[in-house]
Amino acid sequence: MTAAYDYEALGLVAGLEIHQQLDTATKLFCNCPTTLREPEEATHQFTRYLHPTRSELGELDDAAVEESKVEREFTYLAYDTTCLVEADDEPPHRLDEEALETVLEIAQLMDMTPVDQANVMRKIVVDGSNTSGFQRSTLVATGGAIETSDGPVSIEDMMLEEESAQRVEETDAGVTYSLDRLGIPLVEIGTGPDIRSPEQAQEAAERIGMLLRSTGKVKRGLGTIRQDVNVSIAEGARVEIKGVQSLDDIADIVRTEVGRQAELVEIQDELEARDGAVHEPRDVTGVFEGTDSGVIAGALNDGGSVFGVRLEGFDGLVGREIAPDRRLGTELSDHAKRHGAGGIFHTDELPAYGVTDDEVSSLREAVDASPDDAVAIVAADSAVASSAIEAVAERAKTALDGVPEETRGANQDGTTRYLRPLPGAARMYPETDVPPVEPDPSDVAVPELLTEKVDRYQADFDLDAGLAEQVAYGRRMPLFESAVEDGIDPTFAATTLESTLTELRRDDVPVENLTRGHLEQVFGMADGGDLAREGVPDLLSALAAEPDRDAATVAEEAGLGSAAEDDVREAVIEVVERNESQVEAEGMAAFSGLMGECMGALRGKADGDLVSQILREEIQKRA
Amino acid sequence: MTQTPAPGDRVRVERADRTYEGVLLPSSTERQLVIKLEGGYNVGIDREPATLEVLETDVYDVETAQAEDSASEVEFDDSLPTISLISTGGTIASTVDYRTGAVTAQFDAEDVLRAVPDLAGRANYRGRVVANILSENMEPSIWQDLARAVAEEIEAGADGVVVMHGTDTMQYSASALAFMLETPVPIVFTGSQRSADRPSSDNVMNAVSAVEAAKSDCAEVLVCMHATESDTTCALHCGTRVRKNHTSRRDAFETVGAQPLGTVDYDDEAVTFHGEYRERGAADLAVTDGLEEDVELLKFTPGMDPAFLDVVEGSAGLIIEGTGLGHVHTDLIPKIESLIHDGTTVVMTSQCLEGRVCDRVYDTGRDLLEAGVIEGEDMLPGTAKVKLMWALANADDTEEAIRTSLAGEIQERSVPWTAGR
């Protein structure tokens, strides 16, 4: 299983779905900001239930039906940055234009063709992550391609959709979601099934990530980009793996999934040779009366039952490892868990967990199992155990056919777990509250690629290759570009944004508190000669510690040389003289009008109290 | 193949260098084709310069796709009460119309049972469709049909009646039934603010709670809708005191001038009443369904053209929604006086909605009283309109009927902190 696989011989086919949050001013279907919040900041909360509905073609989606079998109450946290639209208590507004423009830019970067008319759809999702019970999603463009070193990878489609609510907490009673994330625009990019190796999958994901960041309009940081990977091998089946958090994990995930499918195919071959079969589950509670097994005794004491299923010909196969530390038994257990059970026990791992040899023998007897067979059991509340063992038997039956098509979730360790059946077209129906839009790509500029930026920064700004790449790929790239445009020295700006901030972070300065506004102010002060460049790190540390304060004030307090009183007086006198007749006519009444002009002349570099004091003095002199 | 493609056909469309394959949808226009692609997404494709090829015909029967084949088989259970479900249309029983793309009512009461499986096991149901309209299209004649249908259901043995109604004009229909019917059983109006085609619709909880209220001991006309944004509690409002006070929220319905009469807890399904009500069986069934339809409701605002009063000349009745304690521009008073002189009954209500009309405080009010205007007490303007229609057709003394509370529409004491009727 750890052996390297010949991916070509196995017929590996993989595709990617990349989900990236857009950094727009407002959400996709309302005018709330796209600001993330902490659960403690919630201003109120409410609870809801969801019920699956039919598509316009009259079908119910398998995935939605399975999800809704568990009746759950969802709690939603709302904020002063969320409105009735997120609460599903107001119809959606029109599709956000900034988001549409951004995806059209991305479409151009991937050589895609926009559709003539984009229809907003409702994609049924009843796990509570959308208050409405569906995710609004729009197909915007199709038919593009990106390059990788192993050849081009086609881009099949690009969707503009709303981000789901963030899961905060899960208890037996239900799940708590936070509404801050719900409705942030999300672009979904789906590649064709062209990827033939784990390395190519990773490279394609990196390339798409670079193209997305080139727009300068995507959110950065943990959770703002998510990758789903679709993997199949020739004898396997299409498996959609959701929620790969890091680009670096993609190759591993693909390798592990190929291994899992190859193992399942071998199990299938073995079962075929053994004439394997799955029998009807039976109530085997009697076997475990007075058992020493804590888990089983616990369930029985609560009035529960034990159900078992005879897996004919499965002996040794249920315990066979199919992915690191995961067995066929783990797959069966995943299905039992979906139906509310804690998991399963199976004869390949028994006797253990307090279950004795005698009990195993009686269990085999109770379901007529021979030594070549395996038996899986579930102990739980009677109704739960009965439905869980059915799910286990269903999954065991699919082992006879090889690899089941399904949606799986990525685990931290590179393995995956069963989530639900593959969703189908039946989960989609039109969002009639939002009129279709006709994308107009003619006005959309093609953004410069990050790779192109790296070259330009070196050529035009004399940055060395390393710094140029750091800045271009860094999350403060848009700030760098606007600062340079405002006349800030490129090397100084680049060094501050990359080296200085990195050094400060290493010194445990909370640089994440520094906003674009802070940095712009600091650049302005340094550029205007009000702040020595040597003072920049100290000022940034001070600002990071007190992010609510004004840079000029902090600089002055820290003795970092804000505009000196003489400079302020000089600027004020200039303003007063320019408005001499007004000052003579109105006296102190001219103050408020001139104050604004003075602050403007000083470009925020001086403390307002100081300007006010000097302005009063100068007016008094002349009145 | 060169046949003309029809909605429901699987087609291939080639346009520029792109090819789209999917099911042709009825929302296509002359300019654009709308196609459902394999993955479920709909896209619009300009007809020019696209070429279209039919791959397979009638993949879907789009006309009847929403309807299910099997009729619901509901077994009769002697131990359960019988509840009549009456449908008038509206969001609670609606689905998306894929020709217009709008949400319309297409379900009869049977469909409601199928759409809300949670109703099963609570009662034996009788289903009946009185209308299939959006509630903004409600007419007084349908109130009469509805009142007669409810009475027939009660005569046929219903232990309670649930009326599924669009939310826009639910308060008017509830008021109408409150005046037209003496009822020995609960009559509960319910609907949904968020359409039934969304998994989050409030239709399930509202319908379940309405059925529980219809099984209760309160033989009144009630409105049962969400009490809060959460799916936790429904409020039971007196039909003549309730008002839709929000365009879209689940908890749009509020009792004005009082607290709701009762609540239904969705968790344990307990129905609790917080004020006095007429008990089940206390009244004998009686229908008094005459209505004088020639009654208008006029909202006075600054700058109003006095010619609006000419429009109601000769009408049987006029409800004025005045300002404050019940006022209009002084210049309008002579015209109102002449209307009354010519036989129009004029009732003053307030656009404050909360509080009681009192035309004895300021000169304008005293002049209005002098002119013959009847103070509408603390009646909601919409309720007053329905009541005047009913009173003009049925009461011996219209003015006395207007001043007297007939169905909880007037409160003798202003105690808004207590549960109303």
Side-chain angles (χ1 to χ4, degrees), chain A residues 44-59 61 64 68 73-76 78 84 87-91 113 115-126 130-134 137-139 142-143 156-157 159 190 423-430 432-433 435-436 438, chain B residues 8 15-20 23 25 27 32 34 36-46 50 60-62 64-68 95-98 100-103 115-118 193-205 228-232 246-251 266-267:
Chain A
H44 59 290
Q45 62 179 59
F46 56 91
T47 58
R48 295 276 170 75
Y49 296 91
L50 294 174
H51 317 274
T53 49
R54 281 170 198 283
S55 82
E56 86 262 45
L57 298 177
E59 300 159 316
D61 180 48
S68 68
E73 187 175 24
F74 304 111
T75 302
Y76 297 97
L84 289 180
D88 187 48
D89 251 340
E90 177 176 319
T113 311
V115 298
D116 295 325
Q117 185 198 53
N119 289 241
V120 181
M121 304 297 290
R122 296 169 171 181
K123 193 193 290 184
I124 296 287
V125 183
V126 288
N130 289 68
T131 44
S132 54
F134 47 75
S137 180
T138 314
L139 178 67
T142 60
E156 282 193 341
D157 41 33
M159 271 70 79
R427 65 174 173 164
M428 305 275 277
Y429 63 109
T432 46
D433 296 344
E438 305 199 347
Chain B
R15 163 150 160 68
D17 54 345
R18 295 296 305 143
T19 303
Y20 303 92
V23 177
L25 292 178
S27 43
Q32 276 182 332
V34 180
K36 181 176 275 298
L37 304 178
E38 197 74 14
Y41 282 93
N42 296 3
V43 292
I45 304 156
D46 292 345
Y60 284 101
D61 182 355
V62 287
T64 58
Q66 284 278 346
E68 228 172 310
T95 184
V96 180
D97 181 325
Y98 288 94
T100 62
V103 176
V116 189
D118 302 44
Q193 280 284 86
R194 309 298 286 139
S195 59
D197 61 4
R198 60 208 305 117
S200 60
S201 175
D202 48 336
N203 68 339
V204 174
M205 176 171 137
T228 66
E229 272 190 298
S230 290
D231 289 344
T232 50
H246 197 277
T247 57
S248 58
R249 282 175 70 135
R250 287 162 170 74
D251 54 355
Y266 189 48
D267 218 17

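Just the heavy atoms: all of them, side chains too, but no hydrogens, waters or symmetry mates, feed the values below. First the proteins, then the strands, lettered A, B, ... as listed; each starts at 1. If you're wondering where the values come from, they're calculated on a predicted model, not measured in any experiment.
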Part of A:P91 within contact of chain B (heavy atom distance under 4.5 Å)
both

Between A:E90, A:Q45, A:H44, which residue shows the highest count of heavy-atom pairs closer than 4.5 Å to chain B?
A:E90

May I ask you to say whether A:R122 pairs ionically with A:D433, meaning some side-chain N is under 4.0 Å from a carboxylate O?
yes

Relative to chain B, which segment of A:L84 carries a heavy atom at a distance below 4.5 Å: side chain, backbone, both, or neither?
side chain

If I measure from the heavy atoms of chain B, does A:A118 come under 4.5 Å with its side chain, its backbone, both, or neither?
neither

Between B:Y41 and A:S137, is the side-chain hydrogen bond (donor to acceptor under 3.5 Å, both in side chains) condition met? List the steps.
CA-CA 8 Å; B:Y41 282 93; A:S137 180; 2.4 Å; yes

Modelled atom types, side-chain donor and acceptor of B:R18 and A:T142, under 3.5 Å:
yes

Counting C-beta onward and ignoring hydrogens, is there a side-chain heavy-atom pair between B:E229 and A:R48 closer than 4.5 Å?
yes

Do the charged groups of A:D88 and B:R198 touch, with an N to O distance under 4.0 Å?
yes

Please classify the contact between A:T131 and chain B as side chain, backbone, both or neither, with a heavy-atom cut-off of under 4.5 Å.
backbone

